[in-house]
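All remarks here apply to the structure that follows.
What you see below is based on every heavy atom in this structure, not just the backbone, and it leaves out hydrogens, waters and symmetry mates.
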Amino acid sequence: MKITPEQEYAISVRIIQSDAEAIYSLMKSERDSIFAMEIIPYYALFVQSLQEFSGKNLLPETEALKIKDIRNHLKVYADAFGKSKKRVLSVDAEQDEIFKSKLKFDFLRDWNIHLNLGTYWTNDHHIVGNTQQLASFLDVNNISTPESKKKNYELGYQLGSFVASTRKELSQSLDIPIIERKISSVKIDYYYDLNTNKHNPFFVRNESKELSLFCLHLLCNMNFVKYFVRPLFADGNTWTLRIEYIVTYYTFRALKRLKNHCDNNPNIKINSNGIDAILSAGNGLFQSKFRNAMMHYGLKGECILSLEYINKPFYGIVESCFDGMDYQTFLRSLHKLTDSIIDYLETYFNSASVQLTHF
């Protein structure tokens, strides 16, 4: 007996409700400003995917366009490396000018004594974010100005209102799912500032600026998911599965694009063997049917639901897409790939050399 379109729709709605409850849980508990900025693309993904599912904009046009742009940031580094390189250098140059302009005397601008990149860390030396990346995906020149803080607050208010109204509407006709948390809240306590125009021992290989920053942004995305998003919920939470899968996929694709670029430009030396191992390990995890289910809520006509597996975790979508592989086995495979990508990216940096400062 096949799954009916009505059943597909009902399951899509239940998945939406579960994700809304997970996000709402975070919005109630998380007060750290850096975490709040870094999590915005994943909130935006929920909002944009739900709008696509409904077939209409549920927010004013200005906010809807901004949220769509922020959602698209998740895949920005998976473009051809030449395009990613231009974006990375453009943001770096823009931030460089902003921080030069803050120097008290004009003649100091040529001395190259300013700092133009702030980085955020865990207490055990894992980098989880940086100011250039935040400025890029939030579309603000300086994330610390009162104007930017107001802009981010208004965006957060729109996202929060959307999530709250969604869960309230769904709870009127559906039982509220239980969301299990492992820890109640997180805090990003450490930072390190540097000048990207100078040699810094943090960049261990003396690679080009664009390659170093490109890998840095990828590593920040991956580490934020591993060290802050994944631990918040009980293992198996489907919203964190969605986030980790999407971030890992686009990082996987970015590394593939980087390798292709370097293969065609022999003067650029990277550890190709490391990327080859990642590509080999990840090929089987990123088949298109499951990937579409991670990026979008509409399951109708996707042929990823089966009555045979419907009572399994996540409605048996994993089993249906991966020849019966169970949810926990798939989750362990994804975690393993995530960790191997992080291990590779960390070879570009010397985190032990960084003297962290507490906020």
State, to 0.1 Å, how close Ile40 and Ala36 come at their nearest heavy-atom pair, and which atoms those are.
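Smallest interatomic distance, heavy atoms only, reads CG1-O, 3.2 Å.
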
Should [X] and [Y] count as side-chain neighbours, where that means a heavy-atom distance under 4.5 Å?
X      : Y      : result
Tyr120 : Leu134 : yes
Tyr43  : Phe162 : no
Thr240 : Leu232 : no

Would you please say whether a donor-acceptor pair under 3.5 Å links the side chains of [X] and [Y]?
X      : Y      : value
Tyr227 : Asp124 : no
Ser84  : Arg257 : no
Thr338 : Glu244 : yes
Asn237 : Glu180 : no
Arg332 : Thr329 : yes
His217 : Gln132 : no
Gln48  : Asn72  : no
Asn197 : Lys209 : yes

Carboxylate-amine/guanidinium proximity below 4.0 Å for Arg230 and Asp339
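Asp339 and Arg230: salt-bridged.
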
Could Glu52 and Arg71 be called an ion pair, given the rule that one side-chain N must be under 4.0 Å from one carboxylate O?
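Salt bridge flag = yes for Arg71 with Glu52.
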
Taking [Y]'s backbone N and O only, do any of them form a donor-acceptor pair with [X]'s side chain (distance below 3.5 Å, no angle check)?
X      : Y      : result
Ser101 : Ile98  : yes
Ser171 : Lys168 : yes
Ser320 : Gly316 : yes

How about [X]: does its [atom1] atom have over 12 heavy atoms from other parts shown lying under 6.0 Å from it?
X      : atom1 : result
Tyr9   : OH    : no
Gln172 : CD    : yes
Asp323 : CG    : no
Lys68  : NZ    : no

My understanding is that only one of Thr196, Asn200, Asn195 makes a side chain to side chain contact (heavy atoms under 4.5 Å, CB included) with Lys198; could you say which?
Asn195

ring-ring contact (aromatic ring centres under 6.0 Å, His included) for Phe286 and Phe290? Distances and angles first, verdict last.
CA-CA 7 Å; Phe286 297 123; Phe290 188 78; 9.3 Å; no

His358 and its ring-ring contact (aromatic ring centres under 6.0 Å, His included) partner, picked from Tyr192, Tyr191, Tyr190
Tyr190

Would you say the ring centers of Phe252 and Tyr245 fall short of 6.0 Å from each other?
no

Quick check: Trp121 with Phe349 (ring centres under 6.0 Å apart)?
no

